Amino acid sequence: GGPILLVCGMEHAEGVRAGLERPQGIPFARPRRPEAMLFQLHPECLGEVLAEAPGVEAVYEVLRSGALEPEPEPDVAQAVGRQIGPFRILDGFAPEEGEQRLAWVREAARRSGWPLDRLRAQLALFELAVRRWERITGERLRAWQRDVFARYSRNLALSSGRLVCDAYDFLLAVRGVGDENLLYGAFELLMNYPWQETASDLPSVRISAEELELEKRTIRIRPRFHRPKQRLFPLKPRRRREAYPGEWLEGFDENGFCSYPREDVVIEGYAQFLRKKGTALVSEENVRVEPFRASILDGIDMRETLRHWATDRRIYVRELGRVPGEVACVVLMFDEDNEDERYPYRMTWLGEHEHESDMAFYSTPPAQGIVGPGIVRCEYGGVLMSYPPRRLLDVWSDPDYRAARSKAEILLLAALDYSPQRIIVHVAARPPRSFFKTLASRLDRKIVHIPLGQLSPQSLQRIRVFHILAGRSRREIAGEYIR
């Protein structure tokens with residue numbers, strides 16, 4: 001070879017020269033290490049041992065090798081069967097597990113692009129997990145939930161001193177915006193390295209993080225798989241089925257509708273929780289902080305105390321502000337449905353007793369969810385709960401609410417109209433228009449907005465589904481059909 005130029009500091013020059021003067025031994029044979037043994041890592045332990053998440057490394061390998069097809073592959077979860085001309089033959093054929101896992105990696109690689117950006121790769125894996133979750137569960141992830149995921153993952157990365165969050169923080173951010181099934185789907189994609197198989201010429205070995213003395217953090221995932229329970233001897237008699245289509249809808253009369261009491265208890269309890277949360281937010285807005293003198297008032301304010309401790313060495317206490325009234329109306333918006341496509345059904349219910357609120361809601365059509373004789377399943381798009389009961393008229397036909405632009409705004413106008421108290425709790429993805437704040441001030445009312453992302457997705461999913469019964473007599477058999 002030709003001459004080599006070395007640029008180094010003056011302090012190292014003498015050491016480099018002395019090292020070059022010594023003979024440089026080059027072994028003529030490969031060194032043997034009889035005590036060393038070669039194993040293959042088991043696929044299930046890659047997430048603990050690798051410095052980077054296996055899914056991100058798999059995306060890098062696909063991009064580095066250039067093994068991307070020009071056209072996107074068909075989605076594995078949807079393309080079941082074989083395509084023959086204009087027909088698809090459903091004969092139980094499905095892609096092999098290795099092909100399916102490789103299709104996930106290629107799809108994520110297309111979304112992330114080259115050169116590899118770990119932030120874009122994680123976002124691609126998240127969007128792929130969301131797409132699969134939406135198809136399986138029928139739910140939709142809103143734009144505000146994606147914003148919460150982006151901010152939460154960024155804050156977790158900053159708190160750990162990283163530019164991009166690691167696998168553990170990534171899964172924590174997913175759990176903050178979705179349920180356990182979405183978390184499990186994201187974990188499955190993040191730990192996916194399709195080329196690492198259990199069967200190999202080399203013996204497989206499982207190595208844990210404790211054995212390598214690595215830092216380990218644990219996250220528990222409890223997905224819910226919807227599959228029937230099989231028993232040799234059924235514990236309950238089999239439920240009868242419709243003798244002919246539409247039999248279970250016979251007897252429905254709008255004057256005789258009623259709800260399922262167990263679901264009433266759940267949603268009333270959640271409405272009470274929202275009332276307390278709204279009252280606490282109003283109290284926090286009027287809080288007063290002052291140095292400690294003779295009384296600790298409502299407690300020590302640790303934030304202000306630590307902030308001023310270096311300067312004046314004083315303890316600060318806080319006094320919660322007074323709440324101007326109570327909360328009587330709660331407006332809960334799961335989906336505004338401005339297109340009026342998914343939640344076209346509208347109804348007003350009156351409470352049956354003094355412990356139950358009046359309700360006005362819009363939901364999915366009852367005829368789409370027949371689960372039993374005179375029992376239908378619906379899903380809330382938005383609901384208004386007004387207390388005390390027996391006061392609410394039909395808000396959907398009231399001409400005073402013509403200024404509303406959507407069904408969600410009709411419910412908010414009705415809350416301002418029927419609320420006997422000053423505070424109205426509004427739970428939605430977006431705050432109401434300034435028009436409603438102006439109207440509320442004219443009526444001596446106050447709208448307290450709670451972002452939907454601050455509430456537990458599991459709790460919201462639990463109260464979002466409800467059932468309509470064709471009379472109180474159906475309550476005796478409703479437990480056999482409602483799960």
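In this text the structure is predicted, and so the values were computed from the model without any measurement.
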Test L412 against H426 for side-chain contact (heavy atoms from CB on, under 4.5 Å), laying out the working first. CA-CA 8 Å; L412 185 54; H426 178 265; 4.0 Å; yes
Tell me whether D169 contacts the main-chain N or O of A157 through its side chain, where contact means a donor paired with an acceptor under 3.5 Å.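 Absent.
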Do T305 side-chain atoms and I315 backbone N/O form a donor-acceptor pair below 3.5 Å?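 Checked: no pair found.
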Salt bridge or not between E290 and R318? Use side-chain N to carboxylate O under 4.0 Å. no
Close aromatic pair by centroid cut-off 6.0 Å: F466 and Y260: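 Here the rings of Y260 and F466 have centres that are no less than 6.0 Å from each other.
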Are F149 and Y152, when compared by the centres of their aromatic rings, separated by less than 6.0 Å? no
With [X], which of [options] fulfils side chain to side chain donor-acceptor pair (under 3.5 Å)?
X: E336; options: K407, R405, R430; value: R430
X: R206; options: E48, E211, H42; value: H42
X: H467; options: R377, R262, E263; value: E263

Steps toward side-chain contact (heavy atoms from CB on, under 4.5 Å) verdict (L384, C329): CA-CA 7 Å; L384 160 67; C329 291; 4.2 Å; yes
Side chain proximity check, [X] to [Y], heavy atoms < 4.5 angstrom:
X: L274; Y: M385; answer: no
X: W133; Y: D179; answer: yes
X: M191; Y: E44; answer: no

Please say which of E107, E188, E127 ends up in a salt bridge (Lys or Arg N to Asp or Glu O under 4.0 Å) with R132. E188
Which residues share a side chain to side chain contact (heavy atoms under 4.5 Å, CB included) with D398, sequence neighbours left out: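 D398 satisfies side chain to side chain contact (heavy atoms under 4.5 Å, CB included) with D400, Y401, Y418 only.
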Positive for ring pair (Phe, Tyr, Trp, His ring centres under 6.0 Å) with F361, one of F334, W349, W396: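 With F361 as partner, ring pair (Phe, Tyr, Trp, His ring centres under 6.0 Å) holds for just one option, W349.
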